[in-house]
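Here's the structure we're looking at; comments come further down.
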Number of protein chains: 2
Amino acid sequence: MATMDPDTVNSSAVFRLGVLGAMATDLFANRIEAHELKPKHVGLMVVLAAGRVSSQLELAGVMGVAPSLVVALADHLEKLEAIQRVRDPADRRRQVLTLTDHGRALLATCGELAHAADAEFAADLTPAESAVLTGMLDRLAARQGLPPAATDHS
Amino acid sequence: MATMDPDTVNSSAVFRLGVLGAMATDLFANRIEAHELKPKHVGLMVVLAAGRVSSQLELAGVMGVAPSLVVALADHLEKLEAIQRVRDPADRRRQVLTLTDHGRALLATCGELAHAADAEFAADLTPAESAVLTGMLDRLAARQGLPPAATDHS
DNA sequence: TCAGAATCATTCGGACTCTGAATGATTTGA
DNA sequence: TCAAATCATTCAGAGTCCGAATGATTCTGA
(Lines give C-alpha, C1' and ligand atoms only; values in the text may rest on other atoms or scores of the structure.)
Protein backbone atom coordinates (compact mmCIF):
# COMPACT_ATOMS: atom_id res chain seq x y z
CA MET A 1 0.00 0.00 0.00
CA ALA A 2 1.13 3.52 -0.69
CA THR A 3 0.72 6.37 1.78
CA MET A 4 -1.56 5.14 4.45
CA ASP A 5 -4.72 6.82 5.43
CA PRO A 6 -4.11 9.00 8.49
CA ASP A 7 -6.84 7.18 10.35
CA THR A 8 -6.74 3.56 9.35
CA VAL A 9 -7.97 2.43 12.73
CA ASN A 10 -11.30 4.07 12.31
CA SER A 11 -11.88 2.29 9.05
CA SER A 12 -11.40 -1.15 10.56
CA ALA A 13 -14.41 -3.30 11.26
CA VAL A 14 -13.04 -4.61 14.53
CA PHE A 15 -12.56 -1.16 15.99
CA ARG A 16 -15.87 0.22 14.92
CA LEU A 17 -17.72 -2.92 15.85
CA GLY A 18 -16.26 -2.43 19.31
CA VAL A 19 -17.38 1.19 19.62
CA LEU A 20 -20.85 0.57 18.25
CA GLY A 21 -21.21 -2.58 20.30
CA ALA A 22 -20.46 -0.69 23.49
CA MET A 23 -23.11 1.89 22.64
CA ALA A 24 -25.60 -0.82 21.76
CA THR A 25 -24.95 -2.62 25.03
CA ASP A 26 -25.37 0.58 27.03
CA LEU A 27 -28.66 1.25 25.31
CA PHE A 28 -29.87 -2.28 25.91
CA ALA A 29 -28.74 -2.15 29.53
CA ASN A 30 -30.87 0.92 30.11
CA ARG A 31 -33.92 -0.70 28.61
CA ILE A 32 -33.78 -3.83 30.76
CA GLU A 33 -32.68 -2.10 33.93
CA ALA A 34 -36.22 -1.87 35.27
CA HIS A 35 -36.43 -5.66 35.24
CA GLU A 36 -33.33 -5.96 37.41
CA LEU A 37 -31.41 -7.51 34.55
CA LYS A 38 -28.06 -6.76 33.00
CA PRO A 39 -27.05 -7.73 29.49
CA LYS A 40 -25.11 -10.76 30.71
CA HIS A 41 -28.15 -12.10 32.53
CA VAL A 42 -30.04 -11.93 29.28
CA GLY A 43 -27.09 -13.50 27.51
CA LEU A 44 -27.21 -16.43 29.86
CA MET A 45 -30.93 -16.86 29.31
CA VAL A 46 -30.44 -16.70 25.55
CA VAL A 47 -27.95 -19.52 25.70
CA LEU A 48 -30.26 -21.53 27.90
CA ALA A 49 -33.14 -20.93 25.52
CA ALA A 50 -31.03 -22.30 22.69
CA GLY A 51 -31.23 -25.57 24.55
CA ARG A 52 -27.85 -27.01 23.66
CA VAL A 53 -26.29 -26.50 27.03
CA SER A 54 -27.38 -26.58 30.63
CA SER A 55 -24.49 -26.98 33.06
CA GLN A 56 -22.75 -23.94 34.43
CA LEU A 57 -19.33 -24.86 33.13
CA GLU A 58 -20.70 -25.28 29.63
CA LEU A 59 -22.48 -21.96 29.98
CA ALA A 60 -19.21 -20.32 30.95
CA GLY A 61 -17.54 -21.82 27.90
CA VAL A 62 -20.17 -20.64 25.46
CA MET A 63 -20.40 -17.20 27.02
CA GLY A 64 -16.65 -16.79 27.24
CA VAL A 65 -16.61 -15.88 30.92
CA ALA A 66 -15.22 -17.40 34.08
CA PRO A 67 -17.27 -20.12 35.78
CA SER A 68 -17.36 -18.02 38.92
CA LEU A 69 -19.21 -15.31 37.03
CA VAL A 70 -21.84 -17.79 35.90
CA VAL A 71 -22.44 -18.60 39.54
CA ALA A 72 -23.21 -14.96 40.30
CA LEU A 73 -25.40 -14.52 37.24
CA ALA A 74 -27.31 -17.72 37.97
CA ASP A 75 -27.72 -16.72 41.62
CA HIS A 76 -29.43 -13.55 40.55
CA LEU A 77 -31.62 -15.20 37.93
CA GLU A 78 -32.65 -17.80 40.46
CA LYS A 79 -33.57 -15.07 42.93
CA LEU A 80 -35.77 -13.58 40.23
CA GLU A 81 -37.26 -17.04 39.68
CA ALA A 82 -36.28 -16.87 36.04
CA ILE A 83 -34.34 -20.12 36.19
CA GLN A 84 -34.34 -23.33 38.15
CA ARG A 85 -31.19 -24.86 39.50
CA VAL A 86 -31.26 -28.60 39.99
CA ARG A 87 -28.47 -31.04 40.69
CA ASP A 88 -28.08 -33.46 37.83
CA PRO A 89 -29.10 -36.83 39.28
CA ALA A 90 -26.77 -38.56 36.84
CA ASP A 91 -23.81 -36.45 37.98
CA ARG A 92 -24.40 -34.61 41.17
CA ARG A 93 -21.52 -32.25 40.65
CA ARG A 94 -23.46 -30.53 37.90
CA GLN A 95 -26.12 -27.92 38.30
CA VAL A 96 -28.70 -28.15 35.57
CA LEU A 97 -30.19 -24.77 34.76
CA THR A 98 -33.60 -24.47 33.13
CA LEU A 99 -35.71 -21.49 32.23
CA THR A 100 -38.92 -21.23 34.20
CA ASP A 101 -42.14 -20.00 32.61
CA HIS A 102 -41.44 -16.68 34.19
CA GLY A 103 -37.94 -16.77 32.76
CA ARG A 104 -39.31 -17.37 29.28
CA ALA A 105 -41.74 -14.48 29.74
CA LEU A 106 -38.91 -12.25 30.94
CA LEU A 107 -36.84 -13.23 27.95
CA ALA A 108 -39.72 -12.43 25.63
CA THR A 109 -40.08 -9.03 27.26
CA CYS A 110 -36.37 -8.41 26.76
CA GLY A 111 -36.84 -9.37 23.15
CA GLU A 112 -39.49 -6.73 22.70
CA LEU A 113 -37.32 -4.15 24.44
CA ALA A 114 -34.36 -5.09 22.29
CA HIS A 115 -36.32 -4.73 19.11
CA ALA A 116 -37.69 -1.42 20.28
CA ALA A 117 -34.10 -0.34 20.84
CA ASP A 118 -33.28 -1.53 17.34
CA ALA A 119 -35.76 0.94 15.98
CA GLU A 120 -33.79 3.72 17.60
CA PHE A 121 -30.31 2.40 17.05
CA ALA A 122 -30.36 0.40 13.86
CA ALA A 123 -33.57 1.47 12.26
CA ASP A 124 -32.60 1.10 8.64
CA LEU A 125 -30.77 -2.18 8.68
CA THR A 126 -31.50 -4.12 5.54
CA PRO A 127 -32.32 -7.81 5.74
CA ALA A 128 -28.95 -8.47 4.11
CA GLU A 129 -27.18 -6.60 6.87
CA SER A 130 -29.13 -8.42 9.53
CA ALA A 131 -28.15 -11.65 7.89
CA VAL A 132 -24.48 -10.72 7.99
CA LEU A 133 -24.68 -9.88 11.68
CA THR A 134 -26.42 -13.15 12.38
CA GLY A 135 -23.93 -15.09 10.31
CA MET A 136 -20.96 -13.58 12.10
CA LEU A 137 -22.43 -14.24 15.50
CA ASP A 138 -23.21 -17.84 14.60
CA ARG A 139 -19.78 -18.51 13.19
CA LEU A 140 -17.98 -16.89 16.09
CA ALA A 141 -20.09 -18.81 18.55
CA ALA A 142 -19.23 -21.94 16.60
CA ARG A 143 -15.56 -21.25 17.25
CA GLN A 144 -15.90 -22.07 20.89
CA GLY A 145 -13.30 -24.43 22.23
CA LEU A 146 -10.52 -22.82 20.28
CA PRO A 147 -7.46 -21.61 22.16
CA PRO A 148 -9.01 -18.79 24.19
CA ALA A 149 -7.35 -15.97 22.32
CA ALA A 150 -9.17 -13.54 24.55
CA THR A 151 -7.54 -14.35 27.86
CA ASP A 152 -4.48 -16.45 27.32
CA HIS A 153 -1.47 -15.29 29.30
CA SER A 154 0.00 -18.68 29.95
CA MET B 1 -48.70 -11.19 17.19
CA ALA B 2 -49.12 -14.94 17.23
CA THR B 3 -46.48 -17.23 18.68
CA MET B 4 -43.28 -15.30 18.97
CA ASP B 5 -39.88 -16.53 18.01
CA PRO B 6 -38.61 -18.47 21.00
CA ASP B 7 -35.56 -16.28 21.08
CA THR B 8 -36.48 -12.82 20.02
CA VAL B 9 -33.60 -11.23 21.86
CA ASN B 10 -31.06 -13.06 19.82
CA SER B 11 -32.57 -11.77 16.62
CA SER B 12 -32.22 -8.12 17.61
CA ALA B 13 -29.42 -6.06 16.13
CA VAL B 14 -28.72 -4.22 19.36
CA PHE B 15 -28.10 -7.43 21.26
CA ARG B 16 -25.99 -9.03 18.56
CA LEU B 17 -23.97 -5.88 18.04
CA GLY B 18 -23.24 -5.86 21.74
CA VAL B 19 -22.00 -9.44 21.80
CA LEU B 20 -19.93 -9.08 18.65
CA GLY B 21 -18.57 -5.74 19.77
CA ALA B 22 -17.33 -7.18 23.03
CA MET B 23 -15.53 -9.95 21.19
CA ALA B 24 -14.07 -7.51 18.71
CA THR B 25 -12.82 -5.25 21.48
CA ASP B 26 -11.20 -8.17 23.29
CA LEU B 27 -9.46 -9.20 20.12
CA PHE B 28 -8.27 -5.69 19.39
CA ALA B 29 -7.13 -5.24 22.99
CA ASN B 30 -4.92 -8.30 22.68
CA ARG B 31 -3.35 -7.06 19.50
CA ILE B 32 -2.36 -3.66 20.85
CA GLU B 33 -1.37 -4.88 24.28
CA ALA B 34 2.30 -5.11 23.35
CA HIS B 35 2.31 -1.37 22.66
CA GLU B 36 1.03 -0.63 26.15
CA LEU B 37 -2.25 0.60 24.75
CA LYS B 38 -5.86 -0.17 25.54
CA PRO B 39 -8.74 0.36 23.14
CA LYS B 40 -9.74 3.61 24.84
CA HIS B 41 -6.26 5.04 24.36
CA VAL B 42 -6.59 4.34 20.68
CA GLY B 43 -10.07 5.81 20.74
CA LEU B 44 -8.72 9.02 22.16
CA MET B 45 -6.02 9.19 19.51
CA VAL B 46 -8.58 8.54 16.80
CA VAL B 47 -10.65 11.50 17.97
CA LEU B 48 -7.53 13.64 18.14
CA ALA B 49 -6.56 12.60 14.63
CA ALA B 50 -9.95 13.68 13.38
CA GLY B 51 -8.80 17.13 14.34
CA ARG B 52 -12.11 18.63 15.40
CA VAL B 53 -11.42 18.67 19.09
CA SER B 54 -8.45 19.19 21.33
CA SER B 55 -9.39 20.06 24.92
CA GLN B 56 -9.92 17.31 27.43
CA LEU B 57 -13.48 18.25 28.24
CA GLU B 58 -14.40 18.14 24.58
CA LEU B 59 -12.67 14.80 24.28
CA ALA B 60 -14.72 13.48 27.16
CA GLY B 61 -17.88 14.67 25.47
CA VAL B 62 -17.11 13.05 22.14
CA MET B 63 -15.94 9.82 23.73
CA GLY B 64 -18.84 9.65 26.11
CA VAL B 65 -16.72 9.19 29.22
CA ALA B 66 -16.06 11.18 32.39
CA PRO B 67 -13.48 13.99 32.20
CA SER B 68 -11.52 12.32 34.96
CA LEU B 69 -11.04 9.29 32.74
CA VAL B 70 -9.64 11.46 29.97
CA VAL B 71 -7.05 12.69 32.45
CA ALA B 72 -5.88 9.15 33.10
CA LEU B 73 -5.86 8.21 29.42
CA ALA B 74 -3.97 11.35 28.48
CA ASP B 75 -1.50 10.82 31.32
CA HIS B 76 -0.60 7.47 29.90
CA LEU B 77 -0.41 8.64 26.29
CA GLU B 78 1.81 11.49 27.37
CA LYS B 79 4.07 9.08 29.21
CA LEU B 80 4.35 7.13 25.96
CA GLU B 81 5.14 10.40 24.18
CA ALA B 82 2.24 9.78 21.84
CA ILE B 83 0.63 13.11 22.62
CA GLN B 84 1.69 16.55 23.76
CA ARG B 85 -0.14 18.40 26.49
CA VAL B 86 0.11 22.16 26.34
CA ARG B 87 -1.79 24.82 28.22
CA ASP B 88 -3.85 26.89 25.84
CA PRO B 89 -2.24 30.36 25.98
CA ALA B 90 -5.60 31.92 25.17
CA ASP B 91 -7.25 30.12 28.08
CA ARG B 92 -4.86 28.61 30.51
CA ARG B 93 -7.48 26.38 32.08
CA ARG B 94 -7.48 24.27 28.96
CA GLN B 95 -5.03 21.57 28.05
CA VAL B 96 -4.54 21.31 24.34
CA LEU B 97 -3.71 17.78 23.26
CA THR B 98 -1.88 17.08 20.03
CA LEU B 99 -0.60 13.91 18.46
CA THR B 100 3.17 13.73 18.23
CA ASP B 101 4.90 12.15 15.27
CA HIS B 102 5.37 9.10 17.39
CA GLY B 103 1.69 9.19 18.24
CA ARG B 104 0.78 9.23 14.58
CA ALA B 105 3.11 6.33 13.94
CA LEU B 106 1.59 4.42 16.83
CA LEU B 107 -1.86 5.09 15.49
CA ALA B 108 -0.83 3.84 12.08
CA THR B 109 0.53 0.69 13.65
CA CYS B 110 -2.73 0.18 15.47
CA GLY B 111 -4.48 0.61 12.16
CA GLU B 112 -2.49 -2.21 10.65
CA LEU B 113 -3.14 -4.40 13.67
CA ALA B 114 -6.84 -3.61 13.51
CA HIS B 115 -7.05 -4.54 9.86
CA ALA B 116 -5.12 -7.71 10.50
CA ALA B 117 -7.63 -8.51 13.21
CA ASP B 118 -10.40 -7.81 10.73
CA ALA B 119 -9.06 -10.55 8.54
CA GLU B 120 -9.31 -13.04 11.36
CA PHE B 121 -12.59 -11.79 12.71
CA ALA B 122 -14.37 -11.79 9.40
CA ALA B 123 -12.45 -14.69 7.98
CA ASP B 124 -15.54 -16.66 7.07
CA LEU B 125 -17.27 -13.76 5.40
CA THR B 126 -17.45 -13.53 1.65
CA PRO B 127 -16.24 -10.28 0.09
CA ALA B 128 -19.86 -9.41 -0.54
CA GLU B 129 -20.69 -9.90 3.11
CA SER B 130 -17.66 -7.85 4.05
CA ALA B 131 -18.89 -4.99 1.93
CA VAL B 132 -22.32 -5.18 3.49
CA LEU B 133 -20.76 -5.12 6.93
CA THR B 134 -18.66 -2.07 6.16
CA GLY B 135 -21.59 -0.20 4.72
CA MET B 136 -23.72 -1.04 7.69
CA LEU B 137 -21.09 0.13 10.15
CA ASP B 138 -20.73 3.36 8.20
CA ARG B 139 -24.38 4.15 8.40
CA LEU B 140 -24.69 3.16 12.03
CA ALA B 141 -21.70 5.29 12.95
CA ALA B 142 -23.07 8.27 11.07
CA ARG B 143 -26.37 7.79 12.82
CA GLN B 144 -24.68 7.93 16.19
CA GLY B 145 -22.72 11.04 15.29
CA LEU B 146 -19.37 9.35 15.36
CA PRO B 147 -16.37 10.62 13.45
CA PRO B 148 -16.87 9.50 9.85
CA ALA B 149 -14.65 6.71 8.71
CA ALA B 150 -12.04 7.73 6.20
CA THR B 151 -12.29 5.80 2.98
CA ASP B 152 -9.53 3.30 2.80
CA HIS B 153 -7.90 3.09 -0.63
CA SER B 154 -5.01 0.91 0.38
C1' DT C 1 -12.25 -52.23 45.97
C1' DC C 2 -9.92 -48.16 46.85
C1' DA C 3 -6.76 -44.33 46.72
C1' DG C 4 -5.53 -40.64 43.87
C1' DA C 5 -6.57 -37.76 39.92
C1' DA C 6 -9.94 -35.19 37.49
C1' DT C 7 -14.22 -32.44 37.21
C1' DC C 8 -17.88 -29.14 38.67
C1' DA C 9 -19.62 -25.51 41.59
C1' DT C 10 -18.69 -22.19 44.94
C1' DT C 11 -16.34 -18.69 47.76
C1' DC C 12 -13.22 -15.21 48.30
C1' DG C 13 -9.71 -11.80 47.56
C1' DG C 14 -8.09 -8.64 44.57
C1' DA C 15 -7.21 -6.29 40.01
C1' DC C 16 -9.07 -3.23 36.84
C1' DT C 17 -12.10 0.30 35.00
C1' DC C 18 -14.90 3.93 35.50
C1' DT C 19 -17.64 7.52 37.81
C1' DG C 20 -18.90 11.51 40.77
C1' DA C 21 -17.75 14.57 44.32
C1' DA C 22 -14.26 17.75 46.12
C1' DT C 23 -10.28 20.94 45.02
C1' DG C 24 -7.49 24.30 42.71
C1' DA C 25 -6.55 27.30 38.98
C1' DT C 26 -8.24 30.42 35.65
C1' DT C 27 -11.59 33.12 33.25
C1' DT C 28 -15.93 35.70 32.77
C1' DG C 29 -19.53 38.84 33.94
C1' DA C 30 -21.95 42.16 36.73
C1' DT D 1 -13.36 43.78 42.04
C1' DC D 2 -15.67 39.87 43.46
C1' DA D 3 -18.84 36.13 42.66
C1' DA D 4 -20.04 32.63 39.48
C1' DA D 5 -18.69 29.65 35.89
C1' DT D 6 -15.34 26.66 33.55
C1' DC D 7 -11.49 23.30 32.99
C1' DA D 8 -8.30 19.99 34.81
C1' DT D 9 -7.07 17.16 38.48
C1' DT D 10 -7.23 14.14 42.56
C1' DC D 11 -9.39 10.89 45.28
C1' DA D 12 -12.51 7.60 47.22
C1' DG D 13 -15.54 4.21 46.08
C1' DA D 14 -18.86 1.43 43.18
C1' DG D 15 -19.12 -2.17 39.91
C1' DT D 16 -17.39 -5.95 37.19
C1' DC D 17 -14.65 -9.61 36.43
C1' DC D 18 -10.97 -13.12 37.01
C1' DG D 19 -8.01 -16.69 39.24
C1' DA D 20 -6.71 -19.26 43.08
C1' DA D 21 -8.35 -22.02 46.93
C1' DT D 22 -12.00 -25.22 48.72
C1' DG D 23 -15.42 -28.81 48.91
C1' DA D 24 -18.09 -32.20 46.79
C1' DT D 25 -18.57 -35.76 43.51
C1' DT D 26 -17.04 -38.82 39.90
C1' DC D 27 -13.59 -41.35 37.36
C1' DT D 28 -9.38 -44.20 36.84
C1' DG D 29 -6.19 -47.82 37.30
C1' DA D 30 -3.95 -51.08 40.01
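Residue numbers start from 1 in every chain, and the chains themselves are labelled A, B, ... in the order their sequence lines are given, proteins ahead of strands.
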Could you go step by step and tell me if A/Arg94 and A/Gln56 meet the side chain to side chain donor-acceptor pair (under 3.5 Å) rule? CA-CA 7 Å; A/Arg94 297 185 164 219; A/Gln56 298 187 179; over 6 Å; no
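Between the CZ atom of A/Arg94 and the P atom of C/dA6 there is a distance of 18 Å, rounded to whole Å. Rounded to a whole Å, the CD atom of A/Gln56 is 17 Å from the P atom of D/dA24. Distance B/Lys38 NZ to C/dA15 C1': 10 Å, rounded to the nearest Å. One atom, CG of B/Leu37, and another, P of C/dT17, lie 13 Å apart when rounded to the nearest Å. Between the CD atom of A/Glu36 and the P atom of D/dG15 there is a distance of 14 Å, rounded to whole Å. We find that NE2 of B/His76 is positioned 10 Å from P of C/dT17, with the value rounded to whole Å. Rounded to an integer number of Å, the gap from CZ of B/Arg87 to P of D/dT6 is 17 Å. If you measure from atom CG of A/Leu57 to atom C1' of C/dT7, you get 8 Å, rounded to the nearest angstrom.
Of the inter-residue distances, the one linking B/Leu106 atom CG with B/Glu81 atom CD reads 11.0 Å to the nearest 0.5 angstrom. Taken to the nearest 0.5 Å, the OG1 atom of B/Thr25 stands 12.5 Å off from the NZ atom of B/Lys38.
Here the side chain of A/Arg92 pairs no donor or acceptor atom with the backbone of A/Arg87 at under 3.5 angstrom. Side chain of A/Arg85 to main chain of A/Val96: no donor-acceptor pair is present (N/O by atom type, distance under 3.5 Å, no hydrogens or angles). A donor-acceptor pair under 3.5 Å is absent between the side-chain atoms of A/His115 and the main chain of B/Ala13, judged by distance alone.
One end of the helix from C/dT1-D/dA30 to C/dA30-D/dT1 points its axis 10° away from the other end's axis, with each axis taken from 5 pairs and the angle rounded to 10°.
Between A/Arg85 and C/dT10 there is a side-chain N or O to OP1 or OP2 distance below 4.0 Å. Considering only side-chain N and O atoms, B/Gln95 lies nowhere under 4.0 angstrom from the phosphate OP1 or OP2 of D/dC7.
For the pair B/Ile32 and B/His41, the minimum side-chain heavy-atom distance is 4.5 Å or more. Considering only heavy atoms from C-beta on, B/Leu17 comes within 4.5 Å of A/Phe121 through its side chain.
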Quick tally for nucleotides 18-30 of chain C: nucleotides whose base has a protein heavy atom under 4.0 Å get B, sugar-phosphate-only ones S, the rest -, giving SBB-----BS---
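If you check the side chains of A/Glu58 and A/Ser55, you find a donor sitting under 3.5 Å from an acceptor.
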